[in-house]
Amino acid sequence: MVAGAFPLAKLLTLGARQLSRPLAARIKAGARASPFFRTYICLTSACPLPSVIYHWVEMRTKMRLLGFRGAAVKPLNEEAAAELGAELLGEALVFGVGGLCLYLEYLRQAGQSRRREEYLEQTLSDLRQGLEQLQRDLDELRAQGHA
């Protein structure tokens, strides 16, 4: 059966992952231009948001790898923070779609496994019932033969 060799679900998940990249690029472009995104997502001083934390961790890691232990990390300017925030948003979207595809594939495989197990249990039950019926028939024939 050809459908079993190339399931439609795998094709759909691949298509979803491929479509998420242009969607992420469009969201990133919109985020870069959005004053709301710049003000409330990337540049909020009340709490360090993902772009600021990401920049700090990345720079600290690079400095430690290069041998600079006590160097301070300069904060990002507004444009760089907005760019990094948009980039992180796009990558999070692509990663989220990929994770969703993996989860849906797992559910599909689990459902197939469950259906296969139920089929095998039903087959085994049918075989046991058939064996019991044959045993009853054999006992009945033996009783008729002795009589």
Side-chain angles (χ1 to χ4, degrees), residues 1-140:
M1 173 164 47
V2 176
F6 190 69
L8 185 60
K10 289 185 181 180
L11 181 64
L12 291 175
T13 57
L14 178 64
R17 285 178 44 210
Q18 291 298 323
L19 289 175
S20 69
R21 292 201 185 275
L23 180 63
R26 187 171 288 235
I27 287 173
K28 285 192 284 189
R32 284 185 195 108
S34 168
F36 176 82
F37 179 77
R38 285 178 185 267
T39 305
Y40 296 108
I41 305 297
C42 292
L43 304 174
T44 302
S45 60
C47 66
L49 291 167
S51 60
V52 175
I53 294 170
Y54 178 82
H55 171 70
W56 185 82
V57 169
E58 179 186 32
M59 292 308 293
R60 293 286 295 194
T61 304
K62 284 180 181 179
M63 287 181 179
R64 286 194 180 212
L65 288 175
L66 293 174
F68 300 108
R69 294 280 180 211
V73 176
K74 291 182 181 177
L76 290 172
N77 63 15
E78 182 178 335
E79 185 64 33
E83 182 71 27
L84 183 59
E87 192 68 32
L88 288 174
L89 180 65
E91 291 302 317
L93 177 71
V94 171
F95 183 75
V97 168
L100 179 63
C101 289
L102 283 174
Y103 179 69
L104 292 175
E105 181 65 20
Y106 169 76
L107 290 179
R108 189 180 72 80
Q109 291 290 334
Q112 281 182 345
S113 177
R114 189 188 76 249
R115 285 189 297 276
R116 187 179 311 121
E117 188 69 29
E118 289 172 355
Y119 173 75
L120 291 175
E121 286 293 326
Q122 182 63 38
T123 303
L124 185 59
S125 174
D126 292 346
L127 288 173
R128 284 183 180 149
Q129 288 176 357
L131 183 61
E132 289 172 2
Q133 181 63 38
L134 288 173
Q135 186 66 39
R136 283 191 299 268
D137 291 346
L138 180 61
D139 291 341
E140 186 179 306

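One distance of note links CZ of Phe95 with CG of Leu100; it measures 12.0 Å at 0.5 Å rounding. In this structure, CZ in Arg108 is found 12.0 Å from SG in Cys101, a value given to the nearest 0.5 Å. For the atom pair OH of Tyr119 and CD of Gln112, the computed distance is 15.0 Å after rounding to the nearest 0.5 Å. Atom NZ of Lys62 and atom CG of Leu65 lie 10.0 Å apart (nearest 0.5 Å).
Residues Asp139 and Gln135 are in side-chain contact: their nearest non-hydrogen atoms beyond the backbone lie under 4.5 Å apart. Between Leu127 and Leu131, every side-chain heavy-atom pair lies at or beyond the 4.5 Å cut-off.
A salt bridge is absent between Arg128 and Glu132: the closest approach of a Lys/Arg side-chain nitrogen to an acidic carboxylate oxygen does not fall below 4.0 angstrom.
Under the salt bridge (Lys or Arg N to Asp or Glu O under 4.0 Å) criterion, Glu140 pairs with no residue, sequence neighbours left out. In this structure, Arg115 has no salt bridge (Lys or Arg N to Asp or Glu O under 4.0 Å) partners at least two apart in sequence or on a different chain.
Here the side chain of Ser125 pairs no donor or acceptor atom with the backbone of Glu121 at under 3.5 angstrom.
Judged purely by distance below 3.5 Å, without hydrogens or angles, the side chains of Gln109 and Glu105 pair a donor atom with an acceptor atom.
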